[in-house]
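Order of the sequence lines sets the chain letters (A, B, ...), proteins ahead of strands, with each chain counted from 1.
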Amino acid sequence: MEVWSNVFSLALFTATIRSATPILFPALAGIFSERSGVLNIALEGIMLISAFAAVVGSYYTNNAWLGVLCAVIAGVLTSLIHAFMCINLRADQAIVGTGINILGAGLPSFLLLKLFGSQGISPIVERIHEWRIPILADIPVIGPILGEQSPLVYISLVMVPVSYFVLFKTPFGLRLRSVGENPHASETVGVSVFRFRYLGVIISGVLAALGGAFLSVSYLAQFVKLMTAGRGFIGLAAMIFGRWNPWGALFACLLFGFADALQAAAQASNVPIAPQFLRMLPYVLTIIALVGAMGRANPPAFVAKPYEKA
Amino acid sequence: MYLEMKNIVRRFPGVLANDHICLEIEKGEIHGLLGENGAGKTTLMNVLCGLARPDEGEILIDGMKVEFGNCLDAIKCGIGMVHQHFMLVPVFTVTENFILGNEPRKGARIDTARAREMVLELSEKHGLKVDPDALIKDISVGMQQRVEILKALSRGAELMILDEPTAVLTPQEVEDLYRIMRSLQEAGHTIIFITHKLQEIKEITDRVTVLRDGRVVGIVRTKDVEQVELARMMVGRDVVLRVEKDQHAPGEVMMSVKDLRANDSRGLTKLKDITFDVRAGEIVGIAGVAGNGQEELVEVLTGLRKQESGSITLDMQDISQLNPRERMYAGLAHIPQDRQRRGLVMNFSLVDNFLLGYEDLKPFARGPMLDYREAEKFASKLIKMFDVRTPGSQILARTLSGGNQQKAILAREFQRDPKLLIAAQPTRGLDVAAIEFIHNELIKFRDQDKAVLLISMELTEILDLSDRILVIYEGEIVGEFKSGQATPEQLGLLMAGSKKGQM
């Protein structure tokens with residue numbers, strides 16, 4: 001009994017928020033891309049490339065924020081490849097995404113060897129430290145959970161209402177969603193399908209990059225081979241579970257984050273369950289969530305369908 | 001002269017869709033654009049509304065040359081188009097569709113209150129009632145069309161292009177549309193009305209330009225020509241506009257459907273205890289607006305969907321528990337509504353398509369092998385009998401025209417020597433010549449004392465062919481008429497859901 005009470009502490013919820021962040025970024029990224037009609041299963045790869053870029057930037061400048069900037073640039077460049085293949089060349093979007101994921105797994109490992117002469121991990125670099133939010137941190141219960149987190153955690157949380165506002169309250173959002181639901185209709189009222197799909201994919205690249213950077217220069221202070229461990233895909237699952245809505249995605253990410261934090265805490269407290277099973281928890285939850293959500297989920301009608309002008 | 005299109009050429013790989021087309025539209029007229037499928041009407045209009053660029057030729061408005069790089073350019077010149085497939089986002093509200101691309105703003109956000117007002121103002125001004133808050137997917141096709149017209153008006157359309165606007169409407173909705181068109185004309189708008197239905201041209205247009213094979217074959221004042229003449233121009237030969245069919249006395253009951261109940265894929269009840277018979281030597285037509293259970297009815301009868309309750313007998317045999325293949329063997333043949341999805345395998349050759357349903361029968365199946373020599377013989381026989389226009393039997397089904405695809409399906413199904421044929425929308429999207437052919441085949445089949453169940457959204461088709469007409473509305477048979485007893489108006493009202501007693 002005592003081991004379990006060690007597991008369920010305030011620290012568990014602090015960890016939940018921290019675990020949710022690298023899923024929330026790709027979930028929001030997926031929403032922007034798919035709402036514009038471009039399937040983006042490349043998020044995992046984009047995150048890996050960005051995570052590596054962040055470490056490289058931080059290593060050479062000794063400034064973690066410049067590392068984040070490098071990550072964003074890398075994320076945008078990678079997503080531009082995705083956009084060009086999917087939008088201009090009208091390639092199969094699932095295959096392009098898979099290609100980028102393979103690139104994302106291979107390229108950082110290769111550069112790791114070239115730049116740092118290492119097989120699996122980079123040197124320790126400057127990282128982004130947690131911020132203590134003055135008044136918030138002093139509130140009981142909420143303070144320990146939300147009051148002292150990485151600024152990237154706060155950015156991810158702020159991005160939820162911002163994304164919601166942009167997508168559902170602004171002309172930009174209406175147009176972006178229209179090209180994902182019926183691009184032919186958009187074209188006839190002078191809304192450029194190409195432009196808005198590019199914008200959707202680029203925003204998606206920026207958000208995924210922030211997720212990657214969080215892992216490598218905030219959560220940790222180094223790059224570890226394949227360090228995303230499927231978070232890009234779990235983010236996509238959260239997007240589906242949250243029905244392509246930022247608030248829904250946040251809820252799903254907190255759920256997955258909780259599962260992740262729970263398994264880590266349980267392992268640390270020597271709960272009498274084999275660690276292999278504990279580590280499965282977030283992934284099993286992903287599968288259950290997807291199976292449950294799949295039937296009812298309504299993806300944007302033109303997602304994964306290339307648009308061809310008349 | 002208000003609008004002139006001069007020598008417009010538009011090529012697609014292997015096809016000359018518009019071959020030096022000239023079109024002149026006068027201010028304030030309703031101008032008909034008549035032609036068969038593939039005559040180049042839609043291509044020409046896509047050029048006019050900025051969706052496609054012409055390879056050659058020019059467009060003049062009030063004598064000034066204009067060039068359209070995209071739809072916005074055309075809109076700015078006062079050209080608005082209501083496309084055949086509505087350009088609406090189904091999951092958006094009427095208002096959202098209305099403002100898309102032209103959103104009123106309040107700071108960074110959309111001014112939703114103002115947007116809603118804009119819709120209401122314009123709908124009031126033109127007497128076109130719409131619900132600004134309804135989702136497009138929840139409103140009728142007629143309503144969707146109104147939204148499209150309002151959308152065009154809100155962007156200042158002087159010239160309104162209506163691309164086959166009547167194809168999806170009930171007779172009452174068509175009347176409504178005519179009313180709208182006339183009031184727009186009175187308000188000074190010019191309308192280009194695209195159709196392949198002669199009667200509509202006669203009814204509403206002032207002048208008409210006829211297209212055939214991408215060329216202009218005639219420009220006439222509507223009141224100066226007869227329908228037959230228009231038909232000849234459109235098809236290039238004499239056509240029989242009315243289906244010729246003799247009286248034929250129906251025989252024994254061939255198919256009997258009793259208390260049939262079925263759900264759609266979402267579990268909603270789509271057939272509510274339907275009961276009817278089809279006799280030998282009889283064509284029974286089922287009239288109705290799309291989505292009232294016709295699709296489910298065909299699926300349940302052919303065994304593609306399970307019924308909840310009720311029975312189906314074919315020639316005294318209960319077939320309600322049989323699978324589709326067994327029903328086929330029992331004497332049921334089926335021309336599916338969507339020929340490209342269920343009728344043919346588009347990436348199969350004609351031979352392979354003909355083999356479907358025969359592939360395990362002699363003489364085509366020899367042990368585990370297919371005998372392609374027999375199959376080829378069979379294919380050439382069918383191609384000849386049904387006049388399928390194809391370079392050969394190895395041609396992929398997808399490369400054939402719609403009419404020839406449909407002939408191929410008909411050939412294959414008739415070859416089974418069925419007792420009853422279910423024909424779902426057998427002429428949808430086909431041109432006049434192919435329609436004529438298919439109608440004649442259906443009547444010939446009936447005259448051999450076979451039964452036909454015809455499901456169609458085209459009221460004229462139902463009226464022309466059926467010996468008996470049933471009207472389906474929300475999964476129920478709401479009316480039954482003998483041939484000649486029903487007027488289109490009566491049927492239209494029933495199709496739209498008003499009960500017989502209220503007529």
Taking B/M81, B/K106, B/H85, B/E96 one by one, which has the highest count of heavy-atom pairs under 4.5 Å against chain A? B/E96

Is it true that, when you exclude A/R195 itself, more than 12 heavy atoms of the residues, nucleotides or ligands shown sit nearer than 6.0 Å to its CZ? no

Does B/E56 have more than 12 heavy atoms from other residues, nucleotides or ligands lying within 6.0 Å of its CD? yes

Pairwise distance CD1(B/I136) to CD(A/E181) - rounded to 0.5 angstrom: 12.5 Å

Shortest non-hydrogen pair, A/T188 vs B/L51, comes out as CG2-CD1, 4.2 Å

Please state whether the side chain, the backbone, both or neither of B/R105 comes within less than 4.5 Å of a heavy atom of chain A. side chain

What is the minimum heavy-atom distance between B/L88 and A/A185, and which atoms define it? N-CB, 3.8 Å

Partners meeting side-chain hydrogen bond (donor to acceptor under 3.5 Å, both in side chains) with B/E148 (sequence neighbours left out): B/K151

List the steps, then state whether side-chain contact (heavy atoms from CB on, under 4.5 Å) holds for B/M87 with A/V189. CA-CA 9 Å; B/M87 295 295 181; A/V189 290; over 6 Å; no

Sidechain-backbone polar pair: B/N70 side chain, A/G190 backbone, donor-acceptor under 3.5 Å: no

Toward chain A, the part of B/N102 with a non-hydrogen atom under 4.5 Å: backbone

Given B/T43, B/T112, B/N97, B/V89, the one with more heavy-atom pairs under 4.5 angstrom with chain A than any other is B/V89

Any chance CG of A/L80 has more than 12 other-residue heavy atoms, nucleotides or ligands included, within less than 6.0 Å? yes

Nearest 0.5 Å, please: how far is SG in B/C49 from CD in A/E187? 10.0 Å

Is it the case that atom CG in A/L89 sees more than 12 heavy atoms from other parts of the structure closer than 6.0 Å? yes

Part of B/L100 lying under 4.5 Å from any heavy atom of chain A: both

Answer key: most heavy-atom pairs under 4.5 Å with chain A among B/A74, B/A108, B/A152 is B/A108

Expected contact set for residues 159-177 of chain A against chain B at heavy-atom separation under 4.5 Å reads A/F165, A/K169, A/T170, A/P171, A/L174, A/R175, A/R177

Within 6.0 angstrom of A/W131 CH2, more than 12 heavy atoms from elsewhere: no

